[in-house]
Protein chains: 2
Amino acid sequence: MFKLLLPYLCFLHAYGFNCYVLMNDIEKFLTSKKVRPTAMRILVFRLLAQRQTAITLTNIENRFEKSDRTTLYRTVKTFEENGLVHRINDGSGVPKYALCEEGCECDIHNDLHLHFHCNRCDETSCLTEHKIPQINIPKGYLAEDINLVVNGLCDRCNVD
Amino acid sequence: MFKLLLPYLCFLHAYGFNCYVLMNDIEKFLTSKKVRPTAMRILVFRLLAQRQTAITLTNIENRFEKSDRTTLYRTVKTFEENGLVHRINDGSGVPKYALCEEGCECDIHNDLHLHFHCNRCDETSCLTEHKIPQINIPKGYLAEDINLVVNGLCDRCNVD
DNA sequence: TTGACTAATGCACTTCCATTGCATTCGTTT
DNA sequence: AAACGAATGCAATGGAAGTGCATTAGTCAA
Ligand SMILES: [Mn+2]
Ligand SMILES: [Mn+2]
Ligand SMILES: [Zn+2]
Ligand SMILES: [Zn+2]
């Protein structure tokens, strides 16, 4: 453990963090997903895990005092490719990312839950309990994936 | 009629067209939608009307020998604001536009049809016959609009 | 018919974000 | 300790949205 922990604490400092972070669980999880648990990846993962709503790359960037957008870009891309996060296109123009649920298999398209985008606060949330209903498409077409975004007012903004 | 027709033929030439276009119907339609039927608008409308699938702004731009992207941008925006076209976000990153159906009232969200995006040819089509089914959302949320895009293979690409 | 007024256009420019190339650094393995 | 591949940081490119402003076109009312 020390073999891993010590250098990371060093790195965390380099990224502007001076707190100690217990990351053994995250390390293990990343490793189980074939993602090498580097310092930045652990931080990004932790950030995603703490959030209730999806975030953009710029959003992630701003959460760190010191960060390189490219690294974050590739970090999120790696996460996506390895099924740790899924990308959400909520119509706001820039993609957002959210952690996949335990057991979610977005990559093989069987966790088709709704996404809700709030027109007021611009937050986008995964409605993981709400699955996409059966959709009929014309003869000759082959469906491989479905993206359903509901726009409106989220529960926090819908209070008059 | 001539009062309108003659200057337009002149403009069409300026835009790289040397054909005569019967545009009285388009003129009338644009006027009925409170959109002043200028030369460029007529051309863009005609282009949209001819297409079976949605197109991007860049796509439109490339269809004209001589064109200004800003004008096209504002043309499409005007069309959208006046309910002539609707914007489709198919997940490809750039928005696409398609003519609204006769009687479609996208602006007040009661023509919620599916959109199909082909992963192979990247074409996006309106499935106007296929309406979005009833969607349940959590208590406290207020739905105002729904975007449903099915990705897969279109009928042209789904031939083995 | 003309002149005045408003709308539309074209051009230049800015901003935002995705994406890539490459040199450097890191982490692991031998 | 050396070596190798992976990850990172930096610089640069490219695509597209959006804005400001001067010019031009179209409308309308004398
Ligand atoms: Mn989700
Ligand atoms: Mn449509
Ligand atoms: Zn909200
Ligand atoms: Zn296709």
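Order of the sequence lines fixes the chain letters, A, B, ..., with proteins taken first and strands second; residue numbering starts at 1 for each chain.
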**Student:** Measure CD/A/Glu61 against P/D/dC10 and give the value in whole Å, please.
**Tutor:** 12 Å
**Student:** Regarding D/dC10, can its base be found pairing with the side chain of A/Thr70 as donor and acceptor, where the two atoms are less than 3.5 Å apart?
**Tutor:** yes
**Student:** Do the side chain of A/Thr56 and the base of C/dC17 come within less than 3.5 angstrom through a donor-acceptor pair of N or O atoms?
**Tutor:** no
**Student:** Tell me: CG of B/Asp68 to P of D/dT24, nearest whole Å?
**Tutor:** 15 Å
**Student:** Would you say A/Tyr73 reaches C/dC17's phosphate, i.e. side-chain N/O to OP1/OP2 under 4.0 Å?
**Tutor:** no
**Student:** Do B/Arg69 and B/Leu57 come within less than 4.5 Å of each other through their side chains, counting heavy atoms only?
**Tutor:** yes
**Student:** Whole angstrom is fine here: how far is it from CE in B/Met40 over to C1' in D/dG26?
**Tutor:** 18 Å
**Student:** Is there a donor on the side chain of B/Arg74 or the base of C/dG10 sitting less than 3.5 Å from an acceptor on the other?
**Tutor:** yes
**Student:** With a 4.0 Å limit, can you tell me whether A/Thr38 has a side-chain N or O closer than that to the phosphate oxygens OP1/OP2 of D/dT8?
**Tutor:** yes
**Student:** Using a cut-off of 4.0 Å on non-hydrogen atoms, how would the nucleic acid contact of B/Thr58 be classed: base, sugar-phosphate, or nothing?
**Tutor:** sugar-phosphate
**Student:** I need the NZ-P distance between B/Lys77 and C/dA8, as an integer number of Å.
**Tutor:** 13 Å
**Student:** Side chains of A/Arg51 and A/Thr53: donor-acceptor distance under 3.5 Å anywhere?
**Tutor:** yes
**Student:** Could you give the CD1-to-P distance, from B/Ile42 to D/dA25, as a whole number of Å?
**Tutor:** 16 Å
**Student:** Does C/dC17 have OP1 or OP2 sitting under 4.0 Å from an N or O in the side chain of A/Arg69?
**Tutor:** no
**Student:** OP1, OP2 of C/dG27 versus side-chain N and O of A/Arg36: anything below 4.0 Å?
**Tutor:** no
**Student:** Rounded to whole Å, how long is the line connecting atom CG of A/Leu57 with atom C1' of C/dC17?
**Tutor:** 9 Å
**Student:** Tell me the interatomic distance from B/Asn59, atom CG, to D/dA16, atom C1', rounded to whole angstroms.
**Tutor:** 14 Å
**Student:** Rounded off to whole Å, could you give me the CG-to-C1' distance for the A/Asn62 and C/dC17 pair?
**Tutor:** 13 Å
**Student:** Got a donor-acceptor pair under 3.5 Å from the side chain of B/Arg41 to the base of D/dG26?
**Tutor:** no
**Student:** Would you please indicate yes or no on a ring centroid separation below 6.0 angstrom for B/Tyr141 and A/Phe116?
**Tutor:** yes
**Student:** Could you tell me if A/Thr124 and A/Lys96 have a donor-acceptor pair between their side chains, going purely by distance under 3.5 Å?
**Tutor:** yes
**Student:** Evaluate ring-ring contact (aromatic ring centres under 6.0 Å, His included) for A/His86 paired with A/His113, printing each intermediate quantity in order.
**Tutor:** CA-CA 11 Å; A/His86 56 284; A/His113 56 269; 5.1 Å; yes
